[in-house]
Enquirer: 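Quick one: structure below, then a few questions.
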There are 2 protein chains.
Amino acid sequence: MSGNSPSPRRGRPRTFDPHEVMQQVQDAFWKGGFEGTSIGDLAGATGLNRPSLYGAFGDKHALYIQALQQYRDATQAAGRKILEDAPTLRTALEDLFRAAIRLYTDDEEARGCFVSSTAPPEAMRDTTVRRELAVTNDGLDEMFEARIARAQAEGEACTGLPPDEAARIASAVLHSLSVRARAGASRRALHALAQSAVDLLAQAPETGRSEGR
Amino acid sequence: MSGNSPSPRRGRPRTFDPHEVMQQVQDAFWKGGFEGTSIGDLAGATGLNRPSLYGAFGDKHALYIQALQQYRDATQAAGRKILEDAPTLRTALEDLFRAAIRLYTDDEEARGCFVSSTAPPEAMRDTTVRRELAVTNDGLDEMFEARIARAQAEGEACTGLPPDEAARIASAVLHSLSVRARAGASRRALHALAQSAVDLLAQAPETGRSEGR
DNA sequence: GCATTTTCGTACCCATCGTTACAATATTGG
DNA sequence: CCAATATTGTAACGATGGGTACGAAAATGC
């Protein structure tokens with residue numbers, strides 16, 4: 001509102017890109033969880049030192065909350081796009097689960113979803129984290145519900161469940177994919193679960209199952 | 001094998017019941033997670049002091065692993081019994097999800113499942129925890145699969161999925177109930193998700209849905 | 001009763017934690 | 001070139017972490 005100033009800020013300029021640093025902070029928390037990651041770890045992961053982190057983002061808790069929000073915004077925007085771009089509900093779900101599995105097993109093994117792998121332990125004592133977790137879950141539910149409602153409106157036959165209920169089942173599959181990925185499950189096993197869920201949620205009108213695998 | 005000695009052990013006797021203490025340890029870890037719970041917290045929760053905990057159970061990591069195992073053994077044995085005691089697959093799933101929701105929202109708010117709420121953050125760096133998490137997930141899958149296979153053998157019509165795939169969906173619902181409970185979801189919302197899953201997995205032969213709610 | 005064995009409770013050790021003070025440095029505005 | 005402003009890097013602070021040494025206490029075996 002106050003006109004995002006293109007004028008260079010006064011004082012010594014930053015030597016880092018806050019968004020990129022936040023991504024590295026997210027990765028560090030992703031690996032070790034909130035309590036298991038020290039400010040020193042974050043400094044090492046980002047390349048800058050403790051006081052700079054405090055100056056730019058606040059304390060450790062604020063750092064974590066911002067990482068949660070950035071992750072949610074990025075993944076759910078990407079998820080919505082994947083769902084919308086697919087021509088049918090079946091392919092939409094297949095594409096989204098495939099992308100989720102890639103994210104959950106990327107790079108190093110056993111990553112899972114950042115939010116549902118690291119937020120739950122804090123959520124019981126920390127009401128802010130709990131709220132972020134709830135917002136993330138609600139976002140997932142709404143993301144799926146919108147696409148399922150569209151499928152119904154377009155006359156696609158799917159499950160007998162109303163869109164909001166089917167959407168929650170789809171979110172549940174994501175939750176499970178995350179836990180299982182974090183437990184070290186193979187991509188093969190994760191894809192099998194996803195495919196079962198697709199078969200249950202998006203039964204093709206005539207053929208029971210789509211073509212092979 | 002070596003005859004569980006009824007003879008009283010030598011030396012000063014313990015002033016606590018190890019099983020009961022382990023239950024209190026579990027509760028403490030449940031609230032705060034592994035990294036978020038200190039030995040001091042455990043001492044406070046159990047009423048005994050640090051050295052006694054070390055003497056009886058080992059270090060903090062061993063304490064946590066034993067808590068995971070005790071929780072898994074207890075909950076999965078109870079779960080199997082609930083599933084077996086129910087006359088139909090539908091009531092079996094309803095009873096089990098109801099018990100899970102009670103466990104996940106008992107006492108204080110937002111507890112969730114002990115294992116899937118606290119193990120994931122550690123599972124990436126700690127291969128022992130990761131293995132425990134995998135064993136727990138496998139146990140859930142097998143628990144459901146046995147009951148679903150029985151239903152099929154008894155001629156119950158259920159989902160079109162093979163028993164192992166349907167079982168994994170059921171486990172996924174438990175994973176999701178846990179995350180959502182930890183996020184502060186109401187019992188009402190959790191029961192709605194459970195009911196949707198039951199409707200999907202155990203479609204009654206004639207009636208689409210069972211009687212009210 | 002006395003040696004032996006095990007637990008209990010206090011006190012302590014060192015490492016690491018999150019956070020901050022402060023001086024040096026680099027930029028803008030005039 | 002100088003005041004003002006913001007970031008950087010070093011160094012330190014107090015608190016708390018996991019883990020343990022050691023003497024007192026309470027039981028058994030003889």
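Chain A is the first sequence line, chain B the second, and so forth, proteins listed ahead of strands; every chain is numbered from 1. Only heavy atoms go into these numbers, but all of them, side chains included; no hydrogens, no water, no symmetry mates.
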Enquirer: Among side-chain atoms of B:Asp199 and B:Ser196, is any donor-acceptor pair under 3.5 angstrom?
Expert: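 The criterion, which ignores hydrogens and geometry beyond distance, is not satisfied for B:Ser196 and B:Asp199.
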
Enquirer: Is a side-chain donor or acceptor of A:Asn49 paired with a backbone partner of A:Pro51 at a separation under 3.5 angstrom?
Expert: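 No; zero donor-acceptor contacts below 3.5 Å.
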
Enquirer: Looking at residues at least two apart in the chain, or sitting in another chain, which of them share a salt bridge (charged side-chain N to carboxylate O under 4.0 Å, His left out) with A:Glu122?
Expert: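 Salt bridge (charged side-chain N to carboxylate O under 4.0 Å, His left out) check on A:Glu122 returns nothing, list empty.
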
Enquirer: Could I get a table of every N or O pair under 3.5 Å where one atom is in the protein and the other is in nucleotides 9-11 of chain D?
Expert:
| from | atom 1 | to | atom 2 | distance (Å) |
| --- | --- | --- | --- | --- |
| D:dG9 | OP2 | A:Asn49 | ND2 | 3.1 |
| D:dG9 | O5' | A:Asn49 | ND2 | 3.4 |

Enquirer: To the nearest Å, give me how far apart OH (B:Tyr54) and P (D:dG18) are.
Expert: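 After rounding, the reported distance stands at 7 Å.
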
Enquirer: Kindly write out the residues that satisfy side chain to side chain contact (heavy atoms under 4.5 Å, CB included) with B:Ala86, not counting sequence neighbours, or none if the list is empty.
Expert: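 Checked B:Ala86 against side chain to side chain contact (heavy atoms under 4.5 Å, CB included); matches are B:Thr91, B:Ala92, B:Asp95.
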
Enquirer: Once side chain to side chain donor-acceptor pair (under 3.5 Å) is applied, do any residues pair with B:Ser116, and if so which ones, sequence neighbours excluded?
Expert: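 For B:Ser116 the side chain to side chain donor-acceptor pair (under 3.5 Å) partners, ignoring immediate neighbours, are B:Ser178.
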
Enquirer: Picking from D:dG19, D:dA4, C:dC8, which would you name as closest to the side chain of B:Arg14?
Expert: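 The answer is C:dC8, which lies nearest to the side chain.
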
Enquirer: Which residues pass the ring pair (Phe, Tyr, Trp, His ring centres under 6.0 Å) test with B:Tyr71, sequence neighbours left out?
Expert: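 Checked B:Tyr71 against ring pair (Phe, Tyr, Trp, His ring centres under 6.0 Å); matches are B:Trp30, B:Phe114.
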
Enquirer: For B:His61 and D:dG19, give me the distance from atom NE2 to atom P, rounded to whole Å.
Expert: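 Going from B:His61 (NE2) to D:dG19 (P), I get 10 Å.
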
Enquirer: What is the separation between atom CG on A:Leu53 and atom P on D:dA6, rounded to the nearest whole Å?
Expert: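 Answer to the nearest Å: 19 Å.
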
Enquirer: Thinking salt bridges, do B:Glu132 and B:Arg72 make one under a 4.0 Å N-O criterion?
Expert: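 Judged by the 4.0 Å cut-off on N to carboxylate O distance, B:Glu132 and B:Arg72 do form a salt bridge.
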
Enquirer: Does the plane of the ring in A:Tyr64 sit parallel, tilted or perpendicular to the ring in A:Phe29? Use 30° and 60° as the thresholds.
Expert: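 Judged by the thresholds at 30° and 60°, the geometry between A:Tyr64 and A:Phe29 is perpendicular.
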
Enquirer: List in numerical order all residues of residues 27-44 of chain B for which some heavy atom is under 4.0 Å away from an atom belonging to DNA chain C.
Expert: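 Under 4.0 Å from DNA chain C: no residue of residues 27-44 of chain B.
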
Enquirer: Can you figure out which of C:dT28, C:dT19, D:dA26 approaches the side chain of A:Arg10 most closely?
Expert: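 Of all the options, the side chain of A:Arg10 is nearest to C:dT28.
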
